[in-house]
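What's counted below: heavy atoms across the whole structure, side chains too, no hydrogens, waters or symmetry copies. Every chain is numbered from 1 and lettered A, B, ... according to where its sequence line falls, protein lines coming before strand lines.
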Number of protein chains: 2
Amino acid sequence: MEFKHQPTVTLAEVAEAAGVGESTVSRVLRNHGSFSGKTRERVMAAVERLGYVPNRIAGTLASTGSRLVAFVIPSLSNIVFPDVLRGASAVLEENRYQAVFSVTDYDPGKEEALAAAMLAWRPAAVMLAGCEHTEGTVKMLRASGCRVVELLDLDGDALDIAVGFSNRAAGRESAAFLLKRGYRRIGYVGHDLNRDTRAGKRFSSFCETLDGHDTPLVAHEILAGASSVENGRLGLERLLARTTDLDAVYFSNDDMALGGYFHCLAEGIAIPSKLAIFGYNGLDIGRATPQPLSTIRTPRVATGEIAAQLVVANAPPQAVDLGFELIEGATA
Amino acid sequence: MEFKHQPTVTLAEVAEAAGVGESTVSRVLRNHGSFSGKTRERVMAAVERLGYVPNRIAGTLASTGSRLVAFVIPSLSNIVFPDVLRGASAVLEENRYQAVFSVTDYDPGKEEALAAAMLAWRPAAVMLAGCEHTEGTVKMLRASGCRVVELLDLDGDALDIAVGFSNRAAGRESAAFLLKRGYRRIGYVGHDLNRDTRAGKRFSSFCETLDGHDTPLVAHEILAGASSVENGRLGLERLLARTTDLDAVYFSNDDMALGGYFHCLAEGIAIPSKLAIFGYNGLDIGRATPQPLSTIRTPRVATGEIAAQLVVANAPPQAVDLGFELIEGATA
DNA sequence: AAGCAAATTGGTAGCGCTGCCAAAAAAACC
DNA sequence: GGTTTTTTTGGCAGCGCTACCAATTTGCTT
């Protein structure tokens, strides 16, 4: 079956029906410029009668700037990104901007291709995760003339606007916390770090901090693929099978940490006396477990909100550090 | 600081630089119509040299149909919707379609407003959650002439295409399962059902099924606000405070059920011997808990994929029932 | 070599709207 | 009453691209 376009009502038809000029209709509809109350009523009546829906494609082409904001994000499975989108979309909707997105699967090459596709829509801004991009992506974004916002990672040079926090600092503080608590035989369970560079940064800073205190990481287990509760569980199981006397494990994020937590529950490993668990992200679910998860809470929704606000306000280039909060919890 | 548009390279400039006509460049770039290999090379060289990025706004306006697909979803916090988006976006990207979205917060009025805003982009399709919409929304979508896809709920009349499963059937099967297992004093913990009509349908069918077996629901606890692990925990706590001899509790979804599960763990309530727990959605996390969660797994990603495929293929109006799977788990 | 079909190419009229400018109408002034 | 302002209005040229058509070139055939 072929799809047939309904005959569309155009602005010209509204103008005709209302007995006014096209530009008058345009002014009334955008509430911009001046027109009399009587004209307004006639136009609105015609709009209502004909069921006119303005065409923003045409409007955007005719005017200079678009009200599209493009998101190029690594994943929708990792709740981090829906959270950012949620914060941003609320602000954008208030300001009559429209969010567009596509998903890279943590693949920089795909990021480049998708960013290019996005630029074809001439968005007001492109929002990307992190600050590592291919040379091609950077060049293209620079040349595009549209605003670029890099989200969730401040450890690097920003192209234009950056909103988030330092993953390195998060890794450091996590290590410092575990050390302060007296843990000395520390392990790590993580997911694919080549793809998730932010998790990689946390891990390397975590290790550096441990090294700096002459308490190097005892063992680590890296699982291929994305982070998940099941992978966290599996990772801890494998790590413990190899390494007998760990007293704490740092996980690449809360999903993984919850998996580890469940493993301990299932195996009767006492937390934190026998084994401490520390995560990252501060998901709500970690607060409802029998023992609240020790973790770092990141301002994901706020990151989206602030990013959107800066774009809407057309703010100058800047890096906004939203920080994070260490949650002591009861698992470490 | 004011944002300044970079001087944009247009198709006409590429044509000039390549020494060919505009339509030739257009044909080469879209790989549509015929042109010689030599011409192709010259055009591509000029594109490369000038860093030309096609303008899809202009392209869409000039051609008839757009390659935008608009999603109007209730929430991004409830993982259900990111899952659907994920499935859909993969298929759409393969077919060079672009996903656009906005979030209604389960508010039908907002849905109407956002759907209207979406139609202004003249999308190829609008995708909505469920099949309950305001009269205004329905009228507008009907008049728009674009494809309409209703997701995740088959219990109602579809406007055009519907993809999902029956929430009523899910409620019925959940009840039948608990009865089959021998539970007779059954309670319910849910979140705001006025807004989440799909959860409401599951609940009412669940109750009807219980009634049909002369085992009416013993008690229920409905919490205001969205579903969350914390609310599930709180809900079960309140329910048990009021009602002493329940032997099973049905939750509005897995998030809520996990909260209940954690409550039992924390309070030392034996599962399922003392109290059984049953959820809905089949989240991955429910498979990694010490006792796998008894629940119904819904095909969320597949819903998005199928929906996108039907739109891309411009399929005729139809309702596609993807079904669901009851997971026995170990909590009921 | 002429004749015809097929492949390739360029010109140009819109797509529906906004922005600019000048014209017309209304209001305010002396 | 006749200006001078101010407000309101309509006309129309694009925005950058695609679709259509006609013109040109190429390749074959006889």
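Ion pairing of B:Asp107 with B:Arg195 is absent here, as no side-chain N (NZ or NE/NH1/NH2) approaches a carboxylate O to less than 4.0 Å. The pair A:Glu305-A:Arg300 does not meet the salt-bridge criterion, since no charged nitrogen lies less than 4.0 angstrom from a carboxylate oxygen. Between B:Asp153 and B:Arg198 no salt bridge is recorded (no basic side-chain N to carboxylate O distance below 4.0 Å).
Out of C:dG16, D:dC17, C:dT8, the shortest distance to the side chain of B:Ala58 is found at D:dC17. Checking C:dG10, D:dG16, D:dT9 against the side-chain heavy atoms of A:Ser34 singles out D:dT9 as nearest. Side-chain proximity of B:Leu11 to the nucleotides D:dC17, D:dG10, C:dC17 is greatest for D:dC17. The side chain of B:Ser36 has C:dT8 as its nearest neighbour among C:dG14, C:dT8, D:dG10. In the set C:dC17, C:dG10, C:dC20, the nucleotide with an atom closest to the side chain of A:Tyr52 is C:dC17. Considering only side-chain atoms of A:Phe35, the nucleotide from D:dC17, D:dT9, C:dG19 that sits closest is D:dT9. Of the listed nucleotides (D:dG10, C:dT9, D:dT9), D:dG10 has the atom at the smallest distance from the side chain of A:Ser23.
Remark: B:Glu16 CD is loosely packed, at most 12 non-hydrogen atoms of other residues, nucleotides or ligands lying under 6.0 Å away. Within a 6.0 Å radius of CZ in B:Arg40, no more than 12 heavy atoms belonging to other residues, nucleotides or ligands are found.
Between A:Phe71 and B:Phe101, the ring planes are tilted. Angles from 30° to 60° get that label.
Dashed line: the shortest gap from a side-chain N or O of A:Thr39 to OP1 or OP2 of D:dT9 is under 4.0 Å. OP1 or OP2 of C:dT18 lies within a sub-4.0 Å distance of a side-chain N or O belonging to A:Ser26. For A:Arg30, a side-chain nitrogen or oxygen approaches OP1 or OP2 of C:dT18 to under 4.0 Å.
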Fill in the blank from the handout: Intra- and inter-strand pairing of DNA chain C, written as dot-bracket with Watson-Crick and G-U pairs under 3.5 Å and | for the latter, reads ||||||||||||||||||||||||||||||

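The 5' end of DNA chain C is approached more closely, in terms of each residue's nearest nucleotide, by B:Arg40 than by the other of A:Arg56 and B:Arg40. Place B:Pro54 and B:Arg27 on DNA chain D by their nearest nucleotides, and B:Pro54 ends up nearer the 5' end.
As judged by a 4.0 angstrom heavy-atom cut-off over every strand, B:Thr60 is placed among residues making no nucleic acid contact.
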Practice task
I would like to know whether B:Leu152 and B:Asn167 meet side-chain contact (heavy atoms from CB on, under 4.5 Å); could you show each step before the answer?
Solution key: CA-CA 8 Å; B:Leu152 300 170; B:Asn167 281 272; 5.5 Å; no

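Between the P atom of C:dC15 and the CG atom of B:Leu61 lies a distance of 9 Å, rounded to the nearest Å. Across the protein-nucleic acid pair, B:Arg67 atom CZ and D:dT18 atom P stand 12 Å apart, rounded to whole Å.
Counting distance only, with no hydrogens placed and no angle test, the side-chain atoms of B:Arg122 and the base atoms of C:dG16 include no donor-acceptor pair under 3.5 Å.
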